[in-house]
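Working notes, structure below.
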Amino acid sequence: MDRTILIIEDEEHINEILTVQLSNAGYKTISAFDGIKGLEMALNENPDLILLDVMLPGMDGNEVCRKVREKSNVPIIMLTAREDEVDKVLGLELGADDYITKPYSTRELTARVKANLRRSAIDNIPQTQNTGDLNTIMSGELTINVERYEVSKNGKVIDITLREFELLKFLAMQPDKIFSREKLLENVWGYEYYGDVRTVDVTVRRLREKIEDDPSMPKYIITKRGVGYYFNK
Ligand code: CA
């Protein structure tokens with residue numbers, strides 16, 4: 001099962017380094033060197049994951065991210081410069097799943113890629129039990145189908161990214177238990193050393209906008225001030 005990763009990065013030497021590192025890690029890669037071509041490949045080549053630089057000629061990475069998200073829930077990891085704190089949060093707001101700060105280590109890159117590809121790996125596990133109810137979490141107006149990666153509210157399917165889904169699933173499977181942002185980063189994002197806890201806050205905010213009637217008065221994902229978040233059963 002060769003996973004294909006689309007690299008959208010205009011700096012040729014960085015694009016090449018990414019290609020080599022990912023190939024060495026066992027992935028197939030395809031490359032674009034500007035935003036417009038990158039968007040076209042993202043929509044037509046069906047990659048399993050996209051590495052997306054922010055500063056790009058033609059169309060910037062944030063715009064590419066926004067446009068890809070209108071059509072696809074493919075995992076997107078943004079590549080940001082160290083000084084651009086704003087880019088990170090903006091990218092996440094626009095629907096990116098994660099970001100890597102340049103310069104990054106090979107270990108960090110492969111850890112992030114692996115963590116963000118986890119859904120596909122889970123999808124490939126043969127189903128030993130398919131008992132319907134066990135795979136569905138219901139709470140209030142929400143139905144979370146764990147196997148199909150689907151959330152619906154009042155029977156209507158909600159458009160949700162992988163990361164949003166995994167966060168919701170993780171919290172909903174242990175209702176009323178409070179998790180710190182660090183704990184959520186470790187369990188939902190799947191890495192221990194590189195994460196920024198703001199990633200959790202932004203993802204919670206995006207999730208609330210999708211599942212809550214009033215995101216400022218959440219009923220499902222509740223903030224416990226100074227501690228973390230929990231799912232309200
Ligand atoms: Ca660039």
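One-based numbering, in listed order, for ligands and for the atoms of each.
- Listed here is the closest heavy atom pair of Arg206 and Gly95: NH1-CA, 3.7 Å.
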So Arg148 and Asn135, side chain to side chain donor-acceptor pair (under 3.5 Å) or not? Walk me through it.
CA-CA 9 Å; Arg148 292 168 62 193; Asn135 303 312; over 6 Å; no
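- Distances under 3.0 Å from the Ca ion (ligand 1) pick out the protein N/O/S atoms Asp10 OD1, Asp53 OD2, Met55 O.
- Between Asp97 and Asn116, the side chains place no donor N or O within less than 3.5 Å of an acceptor N or O (distance only, hydrogens not considered).
- The minimum heavy-atom distance between Met59 and Val64, with the atom names listed, is SD-CG2, 3.7 Å.
- Pairing each heavy atom of Ile160 with each of Asn73, the nearest pair is O-ND2, 2.9 Å.
- Under the side chain to side chain donor-acceptor pair (under 3.5 Å) criterion, Arg181 pairs with Asp201, not counting sequence neighbours.
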